[in-house]
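One-based numbering, in listed order, for ligands and for the atoms of each.
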Amino acid sequence: MEWAFSHASHVGGPCCDNAEMDAIWDHLLLDCTLATLTGDSGYGLIGHGAIGWRDGTIEFAGPMSALQGNPETLAARVESMHGALVTPGLIDCHTHLVFGGDRANEFEMRLNGANYEAIARAGGGILSSVSATRAASEDELFAQSLPRAQALLSDGVTTLEIKSGYGLDLDTELKMLRVARRIGAKLGITVRTTFLGLHALPPEFRERRDDYVSMVCDEWLPVVAQNGLADAVDAFCEGIAFTPDEVQRYFEAARKLGLRVKLHADQLSDLGGATLAASFDGLSADHLECTDEAGVEAMARAGTVAVLLPGSYYALCETRAPPVSAMREHHVPIAIATDLNPGTSPLRSLRLGMSMACTLFRLTPAEALRGATVNAARALGLGDRGVLAVGQRADVVAWGVQKPAELAYWIGGALAARIFAGGSEVHA
Ligand code: DI6
Ligand code: FE
């Protein structure tokens, strides 16, 4: 088949403008190397591909040879990508990027011999971020957090999850969730919010654990739900945080309100967190360094996604990697996220997280890309994104590389050339 379209345009360059004609799509990208991520494994690669969308929804994703008619006339904007790799927008399904201050001092302390749990027990750690987050006004918190979201966006993230959990009083928790939503609106990307009420015991409840857990379950959760400020709930189940029994109470309260659950599970010790999350049909269990095979099997049965967080493993100089072979064997979907937080994972690039997942956890580059797209969408309960297919949201990234393995291969830097969210071009 012969076409009369010109190859004179280049990525980022001019394109033809058919706005006055009755083009069928808003935007059509030609000569793409499409990594569709459709199918059960691999990249779902289509060479010499094209992708077109209208009103924010993909209406064509396939080989150029399957386009009907002269491609130049099919959309209001038609551009050649000259073979560039095109993927779904990346999805960072676990972040804590709204917080006040930083904890670079603790990074220094750890490298001078202190350990993460000891710093936390001495009142530093999460509680030091709680003080800074409470002290910041809503506008200050927004101003401090926005550049972190922009950093993720600038290398291809078009959907991200943000947790509360550095407030630990109701007003500050709500402030964090509002700031998270505001970031999504400002950047034109999707922000999903998660209420992390059980993150650490606030200092004012040091002698009253049960009172704190009751208050979160019986008073705060209903307010968060009524205000529509959270898409899911999460807890930190760990020796330095909350017990499985406390988490169970909290999950029961969430379930009554119709909120899905996620869990920080088995990061530093095996408290059976993976099994607990699975028993509540959890969207995901995250970390999982210490999870045993029974936990992996429980996740497989429940369809709970394993979210691996190599940034915290790296920054804490951990040595026990999550049980990736067992996850593969039991067909547990694996997602990758940054865990962007001030204490254990100040990681501002999901693509760097994919690289770390390959080198530290031995994922293949295809598993890493699936982990930052299709499986990450599932970890957020989103069925409308994560693959390039007709009917999906037009969250689309064109990269300055041609081979999908390059996304995890290049360590750091920014490779995204063009970023579209819901069909509109978004810039960092
Ligand atoms: N996510 C968390 O919530 C904790 N660890 C993790 O990976 C604590 C984060 C922090 O120290 O602020
Ligand atoms: Fe986390």
Q: Report the residue from Thr373, Leu152, Thr158 that forms a side-chain contact (heavy atoms from CB on, under 4.5 Å) with Leu90.
A: Thr373
Q | Those residues that, when tested against Phe205, pass ring-ring contact (aromatic ring centres under 6.0 Å, His included) (two or more places apart) | A | Tyr212
Q | Residue shell around ligand 1, heavy atom under 4.0 angstrom | A | His96, Arg103, Tyr116, Ile126, Tyr166, His199, Phe236, His264, Gln267, His287, Asp339, Asn341, Gly343, Thr344
(Q) Closer than 2.8 Å to the Fe ion (ligand 2): how many protein N, O or S atoms are there? (A) 4
Q. So, Asp26 and Arg77, do they make that salt bridge, N to O below 4.0 Å?
A. no
Q: If the plane angle is over 60° it's perpendicular, under 30° parallel, otherwise tilted; pick one for His27 and Phe420.
A: perpendicular
Q.
Donor-acceptor check, side chain of Thr33 to backbone of Gly83, threshold 3.5 angstrom: yes or no?
A. yes
Q. With the threshold set at 4.0 Å, does a side-chain nitrogen-carboxylate oxygen contact exist between Glu108 and Arg110?
A. no
Q) Salt-bridged, Arg181 to Asp231, with N to O below 4.0 Å? A) yes
Q: Mind telling me whether Phe60 and Trp25 have parallel, tilted or perpendicular rings, with 30° and 60° as the class edges?
A: tilted
Q.
Can you pull out every ring-ring contact (aromatic ring centres under 6.0 Å, His included) where at least one residue sits in residues 325-374? Sequence neighbours excluded, please.
A. Tyr313-Phe361
